Protein chains: 2
Amino acid sequence: MSTRDAIVEAADKLFYENGFDHTSFAHVAEAVGISRGNFYHHFKSKDEILEAVIDRRVSDRLAMLEQWDGVGETPQARLECFVRLLSTNREKIRRHGCPLGTLSSELAKLDHPLGPEAKRLFDLFRSWIRRQIEAFGRIEDADLLALQLLSMSQGATTLANVYPDEAILDLEIQRMLDWIADLTPKPTPQADQKEQS
Amino acid sequence: MSTRDAIVEAADKLFYENGFDHTSFAHVAEAVGISRGNFYHHFKSKDEILEAVIDRRVSDRLAMLEQWDGVGETPQARLECFVRLLSTNREKIRRHGCPLGTLSSELAKLDHPLGPEAKRLFDLFRSWIRRQIEAFGRIEDADLLALQLLSMSQGATTLANVYPDEAILDLEIQRMLDWIADLTPKPTPQADQKEQS
DNA sequence: GTCTATATCCAGATAGAC
DNA sequence: GTCTATCTGGATATAGAC
């Protein structure tokens, strides 16, 4: 692996664990095993490293979403991949929150020019979830429902970070799974007022 | 107002807008109109200012919750005060997120010793919401439902911060109001119409 | 490409005059 | 109680040797 990639990988991890602003070159240098001065052969500034980290996260998540596209037979099974991600990473989430949400929040507070770039990560999930929901046939409100699932995941990860010692994340995960199950089109047993035409 | 109070007030605002770590004494000094050196007559360290800011937020929210206790006739009306708070502060939320959630997230990333103190702010709302729900007669799951409402508010504020230009916060607020309405014990199951469309 | 050495700046914190 | 002046450390960033 190239030194550049090693820097981006270590910075990605440290930005997540300790925050972008709080992470210094000294921290990254120690993690990679190089000297501080060496950074500037690969990056002109700290912001350039942040940009590379965001790009790395984008391509990483993009690859993951494309892999999920090949999972299961139903959009429900694919949406469950998203929820399962929270379960798999529960320990990290409890300690450091959501890698997307916390970065976005921090850059917003710093009024950082790359804040809008972090939004791309959310857009990635937003549109992928929307496509799954559209596969249910719910075209009109697919985007709103996608935002709803994203909102649930952000609420779950934030609370799990506040109360790391409680089983809150698992409860929220179950709520999300139930929500996905309720998305499935089913014959309406009780009187339903709607379905115009 | 004493200089000490002025410092805490300005620090509270700046910590919220720009983050605790990123806010320097120079920023606070300029906002208050005093010199940097004067801080140390009132506080021994920056962490002491943070502690005072958290105490201020706690007593501030406590007073607000006590005021809400006198609002309306039903627990539903009181819970709506909580949701209305998001609506009233929508512009600040879009720009800086939730004052509780973002502080808690930042202190977790910094591994700051006062991180657990920030949790007190969540506990305040958690127990207040729980009491309102218990007033509905739902004793067993009141705490879980309180966490659910807190989770919704955190998801809503985080997404509103990510997508400040969209009307996402208002949609989430409506979802929360619907959720509160569904909490109300209903005599006739016929009147139950959920939005499963 | 990687290193050491250093420049520059700004942070938190201190000392002491008034 | 407030100020100015200063200490000290750590941050980003640069220069130049190897």
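Everything quoted here is computed from the prediction, not taken from an experiment. The chains referred to below are lettered A, B, ... by the order of the sequence lines, with proteins before strands, and numbering in each begins at 1. Because only heavy atoms are used, hydrogens play no part in the values below, and waters and symmetry mates are left out as well, while side chains stay in.
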| query | Strictly by modelled atom types, are B:Thr102 and A:Lys109 linked by a side-chain donor-acceptor pair under 3.5 Å? | reply |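 Yes.
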| said: Is it true that A:Asp47 and A:His112 share a donor-acceptor pair across their side chains at a distance under 3.5 Å? | reply: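 On atom types as modelled, these side chains qualify, holding a pair under 3.5 Å.
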Is the shortest distance from a Lys or Arg side-chain nitrogen in [X] or [Y] to a carboxylate oxygen in the other one below 4.0 Å?
{"X": "A:Arg175", "Y": "A:Glu172", "value": "yes"}
{"X": "B:Glu134", "Y": "B:Arg130", "value": "yes"}
{"X": "B:Glu117", "Y": "B:Arg56", "value": "no"}
{"X": "A:Asp141", "Y": "A:Arg138", "value": "yes"}

Please give me every residue in [range] whose heavy atoms get under 4.0 Å of an atom in DNA chain D, ordered by residue number.
{"range": "residues 104-118 of chain A", "result": "none"}
{"range": "residues 22-32 of chain A", "result": "A:Thr23, A:Ser24, A:Phe25"}
{"range": "residues 39-52 of chain A", "result": "A:Tyr40, A:Ser45, A:Lys46"}

| Under 3.5 Å, side chain of A:Tyr16 to main-chain N/O of A:Cys98, donor-acceptor pair present? |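 Side chain of A:Tyr16 to backbone of A:Cys98, a donor-acceptor pair under 3.5 Å: no, none is there.
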| d(CG, B:Asp5; C1', D:dG1) in whole Å |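 Interatomic distance, CG of B:Asp5 to C1' of D:dG1: 15 Å.
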| said: Distance check, rounded to the nearest 0.5 Å: A:Thr157 atom OG1 versus A:Ile93 atom CD1? | reply: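 One finds 6.5 Å between OG1 of A:Thr157 and CD1 of A:Ile93.
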| Should we say atom CD of A:Glu73 is surrounded by more than 12 heavy atoms from elsewhere, each under 6.0 Å from it? |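 At most 12 heavy atoms, drawn from other residues, nucleotides or ligands, come within 6.0 Å of this atom.
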| query | What pairs with A:Arg4 under side chain to side chain contact (heavy atoms under 4.5 Å, CB included), at least two apart in sequence or on another chain? | reply |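 Listed in chain order: A:Ser2, A:His42, A:Phe43, A:Ala52.
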Below 3.5 Å between N/O atoms, which protein atoms pair up with nucleotides 3-6 of chain C? Just atom names and distances, please.
| residue | atom | partner | partner atom | Å |
| --- | --- | --- | --- | --- |
| C:dC3 | OP2 | A:Ser35 | N | 2.8 |
| C:dC3 | OP2 | A:Ser35 | OG | 3.1 |
| C:dC3 | OP2 | A:Asn38 | ND2 | 3.4 |

| Who passes salt bridge (Lys or Arg N to Asp or Glu O under 4.0 Å) against B:Asp170, sequence neighbours left out? |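 B:Arg90.
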| request: Name the orientation class of the two ring planes belonging to A:Trp68 and A:Phe82 (parallel below 30°, tilted from 30 to 60°, perpendicular beyond 60°). | output: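 Perpendicular.
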